[in-house]
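When reading the values below, keep in mind they use all heavy atoms of this one structure, side chains included, and skip hydrogens, waters and symmetry mates.
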Amino acid sequence: MQQVWESTELEYAFLFTLKKVNSINSAGFKPFFNNLPTDPYLKGNYRSRRLSRFIAAEDKLIKLPHGYLFQGKDYNPLLGDIKREFAELEDGLVELDSFKNLVLAFSESCKLHPEAEIGVHQIRTICSPHNLGNPAPEGIHQDGTDFIGIFAVNRENIQGGETHLYTAKKEKPVFSKILNSGELLLVNDHEFFHFTTPIKPQIEAQGTRDVFVLTSPSLLIDY
């Protein structure tokens, strides 16, 4: 498998990096975001989500058994200490070459151990003329993992949704950018807090922001 990169190395490149991954066709992901179950743990029905975990080994993905997501209150004051269960990613999505390329790109970029678990969160945030969509309802936060990847799939009729990175919660962001389709932001979760601003429609209709969030370790716990 050949990886073709266009890289934008930032000031803290050893701690976070923004990449454009040409081997990934974001358009192939779009239909799978139309069939996401609503996240039952948030009020407002503005977020939809699926979640699976994998091991990336020798250019192959190994899908791991179903588990539940768990974060402590220290990391997620809104939904911490709650066992959250989400539907698995659809088989048709997992079988796409572009999906495999995405997970392998994350693994290779973070130089993960061959047996490291990778959680893949498929998330759609929805907004309407009467309701904002909030990609980060827990506020400025860390996830409690080692590495995070945010891959932008699509933005439809929205403004906002700018991703920020901070060295501390009360400091100004050291990185601020709207992630466009095909861009992958890699972050060392030990060194940075992150946040994405709310979204609202550009015109009087529904708007959507579709992303994959990858984490290693996966934050998924066995039953």
>> Counting only heavy atoms from other residues, nucleotides and ligands, does the tally under 6.0 Å from CG of D91 exceed 12?
In response: no

> Do L179 and F151 come close enough that some side-chain heavy atom pair is under 4.5 Å?
Replying inline: no

> Which atom pair, heavy atoms only, marks the closest approach of T215 to H121?
Replying inline: OG1-NE2, 3.9 Å

> Under 3.5 Å, side chain of H141 to main-chain N/O of G139, donor-acceptor pair present?
Replying inline: yes

>> side-chain contact (heavy atoms from CB on, under 4.5 Å) for V120 and I118? Distances and angles first, verdict last.
In response: CA-CA 6 Å; V120 183; I118 299 169; 4.3 Å; yes

> Is there a donor in the side chain of Q142 and an acceptor in the side chain of H190, or the other way round, less than 3.5 Å apart?
Replying inline: no

> Are any side-chain N or O atoms of S26 and backbone N or O atoms of S181, one a donor and one an acceptor, separated by less than 3.5 Å?
Replying inline: no

>> Testing the basics here: between T125 and N134, what is the closest heavy-atom pair and its distance to 0.1 Å?
In response: CG2-N, 3.7 Å

> Looking at side-chain heavy atoms only, is the closest gap between P217 and D146 below 4.5 Å?
Replying inline: yes

>> Nearest 0.5 Å, please: how far is CZ in R84 from CG in L219?
In response: 9.0 Å

> Ignoring hydrogens and geometry, is there a side-chain-to-backbone donor-acceptor pair from T197 to E162 under 3.5 Å?
Replying inline: yes

> So, does R155 use its side chain to make a donor-acceptor pair with the main chain of G207 at under 3.5 Å?
Replying inline: no

> Considering all heavy atoms of both residues, which atom of V187 and which atom of F16 are nearest to each other, and what is their separation?
Replying inline: CA-CB, 4.2 Å

> In Å and rounded to the nearest 0.5 Å, what is the CG to CD distance from L165 to E171?
Replying inline: 14.0 Å

> Is the closest side-chain heavy-atom distance between C127 and I199 below 4.5 Å?
Replying inline: yes

>> I'd like to know if E156 pairs up with R209 as an ion pair, taking the criterion as any Lys NZ or Arg NE/NH1/NH2 lying under 4.0 Å from an Asp or Glu carboxylate oxygen.
In response: no

> Quick one: do the R124 and N34 side chains pair a donor with an acceptor below 3.5 Å?
Replying inline: yes

>> Applying a strict under-4.5 Å side-chain criterion to I, L, V, M, F, W and Y, I'd like to know whether F32 and V21 cluster together.
In response: yes

> Could you go step by step and tell me if S48 and I126 meet the side-chain contact (heavy atoms from CB on, under 4.5 Å) rule?
Replying inline: CA-CA 8 Å; S48 303; I126 301 167; 4.2 Å; yes

>> Let's go through D210 and K30 carefully: what are the C-alpha distance in whole Å and the side-chain angles of both, what is the deciding distance for side-chain contact (heavy atoms from CB on, under 4.5 Å) to 0.1 Å, and is it a yes or a no?
In response: CA-CA 8 Å; D210 295 341; K30 292 180 183 179; 5.7 Å; no

>> Apply the hydrophobic cluster definition, ILVMFWY joined by side-chain contacts under 4.5 Å directly or through others, and give me every member besides I140.
In response: Y166, F193, F195

> Between T208 and I158, what is the shortest heavy-atom contact and its length?
Replying inline: N-CG2, 3.5 Å

> Ion pair present between D222 and R53, side-chain N to carboxylate O less than 4.0 angstrom?
Replying inline: yes

>> Tell me whether Q159 contacts the main-chain N or O of P201 through its side chain, where contact means a donor paired with an acceptor under 3.5 Å.
In response: yes

> Do the side chains of I150 and I178 join up, straight or via other hydrophobic residues, at under 4.5 Å, putting them in one cluster?
Replying inline: no

> Can you find a heavy atom in the side chain of L51 that is under 4.5 Å from one in the side chain of Q122?
Replying inline: no

> Would L184 and L96 show up in the same hydrophobic cluster when neighbours are defined by side-chain heavy atoms closer than 4.5 Å?
Replying inline: yes

> Does any non-hydrogen side-chain atom of K177 lie less than 4.5 Å from one of L18?
Replying inline: yes

>> Could you measure the distance from the CG atom of D59 to the OG atom of S107? Nearest 0.5 Å is fine.
In response: 10.0 Å

> Nearest 0.5 Å, what's the CD1-NZ distance between I24 and K100?
Replying inline: 12.0 Å

>> For P135, is there any backbone N or O sitting under 3.5 Å from a side-chain donor or acceptor partner on T196?
In response: no

>> Using every non-hydrogen atom in the two residues, find where V213 and I148 come nearest and quote the distance to one decimal.
In response: CG1-CG2, 4.1 Å

>> Is it the case that the side chain of E183 and the backbone of N180 share a donor-acceptor pair, with hydrogens and angles ignored and the cut-off at 3.5 Å?
In response: yes

>> Is there a path of hydrophobic side-chain contacts, each under 4.5 Å between heavy atoms of I/L/V/M/F/W/Y residues, joining V153 to V94?
In response: yes

> With a cut-off of 6.0 Å (strictly less than), are more than 12 heavy atoms of other residues, nucleotides or ligands near NZ of K200?
Replying inline: no

>> Apply side-chain contact (heavy atoms from CB on, under 4.5 Å) to residues F99 and L61 and explain how you reach the verdict.
In response: CA-CA 10 Å; F99 181 81; L61 293 188; 3.8 Å; yes

>> Is the positively charged end of R49 above the ring of F86, judged by distance under 6.0 angstrom from the centroid and angle within 45° of the axis?
In response: yes

> Looking at the rings of H194 and H164, which for Trp means the six-membered one, are their centres under 6.0 Å apart?
Replying inline: no

>> Looking only at the aromatic ring of each residue, does the gap between the centers of F147 and F106 stay below 6.0 angstrom?
In response: no

> Quick one: do E88 and K63 make a salt bridge, cutoff under 4.0 Å?
Replying inline: yes

> Under the side-chain hydrogen bond (donor to acceptor under 3.5 Å, both in side chains) criterion, do Q206 and N157 qualify, and how do the steps go?
Replying inline: CA-CA 7 Å; Q206 179 175 284; N157 184 38; over 6 Å; no

> Can any side-chain N or O of Y46 pair as donor or acceptor with the backbone N or O of S128 at less than 3.5 Å?
Replying inline: no

> Under 3.5 Å, side chain of S218 to main-chain N/O of L220, donor-acceptor pair present?
Replying inline: yes

> Do S52 and H66 come within less than 4.5 Å of each other through their side chains, counting heavy atoms only?
Replying inline: no

> Are T163 and L185 side-chain neighbours, meaning at least one heavy-atom pair lies under 4.5 Å?
Replying inline: yes

>> According to a hydrophobic-cluster definition based on side-chain heavy atoms being under 4.5 Å apart (Ile, Leu, Val, Met, Phe, Trp, Tyr only), do F192 and F175 belong together?
In response: yes

>> When you measure from the side chain of D143 to the backbone of T145, do you find a donor-acceptor pair of N or O atoms at a distance under 3.5 Å?
In response: no

> Is the closest side-chain heavy-atom distance between L64 and E117 below 4.5 Å?
Replying inline: yes

> Any idea which heavy atoms bring L186 and S109 closest together, and the distance?
Replying inline: CD1-CB, 3.4 Å

